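Small disclaimer: the values here were computed from a predicted structure and weren't measured. Each chain gets a letter, A, B and so on, in the order its sequence line appears, and its residues count up from 1.
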There are 2 protein chains.
Amino acid sequence: MAVAFEGVLADRSAWILENCSMAMTMDAIGTRSAVTILREALYGTTRFDDFVRRTKTTDAIVSARLKQLTELGLLSRQPYQEPGQRTRYEYVLTDKGRDLLPVLFAMMQFGNKHLQPDGGPLRLVERGTGDPVRIVALSASGKELQLEDIAIEANGTWAPNRP
Amino acid sequence: MAVAFEGVLADRSAWILENCSMAMTMDAIGTRSAVTILREALYGTTRFDDFVRRTKTTDAIVSARLKQLTELGLLSRQPYQEPGQRTRYEYVLTDKGRDLLPVLFAMMQFGNKHLQPDGGPLRLVERGTGDPVRIVALSASGKELQLEDIAIEANGTWAPNRP
DNA sequence: GAGCTGACTTTCGAATCGACAAGCCAGGCC
DNA sequence: GGCCTGGCTTGTCGATTCGAAAGTCAGCTC
């Protein structure tokens, strides 16, 4: 029915979560514009006006988000120069930003299934084979896990605090 | 370096995404309070004041979000009655809400790795074995895929629109 | 050097979110 | 009946977001 808790966490009434990583991720990238810009970065977009066109928002929003995402270390700002143009900057995903792939594609998967009338416009497949791709919970032993198969344990020395 | 596009999508300059599922998911649950409440629902919380205590927010916010998430079909509102109490309601995850597992745990995974100083308070493991669990992109053939191994194709009859 | 263009930034309103406080309401208890 | 409590709603306020429009600025073109 729900996740299982192990060790010190087993008594659920004895602790309350602080420093939740999900909430911290939301604080970092939890806006529509951040997600659409990261989506475009994942799709290969790097230039300012491409972000504006492809996210269908305004240059003001793109400017603010690019700055924020760069400061967070999710994008890196690289100078480039085309012949007869002044130097401009392109924004490319960092390794850290690339680690958002499961978050973004999981959102896509959910939206495709539940928020779109027809399964959504895009579908993930394996490059080469064309096999469908899903975002799943995978154990180290290679098994795909459902909610009931997952447990949560406290990390290292962390001591849960009594409410 | 980025995702590959196949078929009609191969020419990236020829189309612009509309009806993005990621953006729709953000519109649906893209607030800090919705995510923390869904987190608690995933952890087994069902009652109003437990949500308030465990999310460390206010009853006003919990009330508004529970209503919204119920209307979205992510939670279902079930009456219950304890002896000597009036009937109240508990909120339990629906199948649709359970499909947010990859989204939420992917956020947890990202936050644990990049936003926490010490790897974060909680860790996902396989129930029974204790093997670590990760949220990954998995192809139908059972292979775990990286960004470069993933391609995107248009869904069925959908025709991308020229910019 | 005057104008133009592309890349950003700034400014201003409307809407939303989150925190705080107060109000409401059903039913048990006296 | 009157009071209390727990669950939930409503109202207000500051902060943030989004959208549109105007402003800035570098370097090319003429």
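For B:Lys96 and B:Asp99, the salt-bridge test fails: no basic side-chain N is under 4.0 Å from an acidic carboxylate O.
Checked against C:dA7, D:dG19, C:dC8, the side chain of A:Thr58 finds its nearest nucleotide in D:dG19. Nearest to the side-chain atoms of A:Tyr89 among the listed nucleotides D:dG19, C:dG18, C:dC8 stands C:dC8. For A:Thr57, taking side-chain heavy atoms from C-beta onward, the closest of the listed nucleotides C:dA21, D:dG19, C:dC17 is D:dG19. Across D:dA21, C:dC20, D:dC8, the shortest atom-to-atom separation from the side chain of A:Asp59 is found for D:dA21.
Counted by atom type alone, B:Thr55 and B:Glu40 present zero donor-acceptor pairs between their side chains at under 3.5 Å. Counting only N and O atoms by type, the side chains of A:Ser33 and A:Arg65 include a donor and acceptor under 3.5 Å apart. Between the side chains of B:Arg12 and A:Thr45, at least one donor-acceptor pair of N or O atoms lies under 3.5 Å.
Residue B:Ile61 contributes atom CD1, which lies 7 Å from atom C1' of C:dC17 at whole-angstrom precision. Going from atom OH of A:Tyr91 over to atom P of C:dA7 covers 10 Å, rounded to whole Å. A straight line from NZ of A:Lys67 to P of C:dA7 spans 18 Å, rounded to a whole angstrom. In this structure, A:Phe51 places its CZ atom 14 Å from C1' of C:dC8, rounding to the nearest Å. Rounded to whole Å, atom P of D:dG19 lies 12 Å from atom NZ of A:Lys56. In this structure, CZ of B:Arg88 is placed 11 Å from C1' of C:dC25, rounded to the nearest angstrom. For the pair B:Asp27 CG and D:dG19 C1', the interatomic distance rounds to 15 Å; values are reported in whole Å. Separating the CZ atom of A:Arg53 from the P atom of C:dG6 is a distance of 12 Å, rounded to the nearest angstrom.
Using a 4.0 Å heavy-atom cutoff across all strands shown, B:Asp49 reaches sugar-phosphate atoms only and no base atom. Note on A:Ala60: a base of the nucleic acid sits closer than 4.0 angstrom, heavy atoms only.
Scanning residues 29-37 of chain B for heavy-atom distances under 4.0 Å to DNA chain C yields B:Thr31, B:Arg32, B:Ser33.
Taking side-chain N and O atoms only, A:Arg65 has a distance below 4.0 Å to OP1 or OP2 of D:dC18.
In this structure, the side chain of A:Asp59 does not engage the main chain of A:Val52 through any donor-acceptor pair within 3.5 Å.
The cluster map of Ile, Leu, Val, Met, Phe, Trp and Tyr, joined by side-chain heavy atoms under 4.5 Å apart, puts B:Leu93 and A:Val3 in the same cluster.
Under the ring pair (Phe, Tyr, Trp, His ring centres under 6.0 Å) criterion, B:Phe48 pairs with no residue at all, not counting sequence neighbours.
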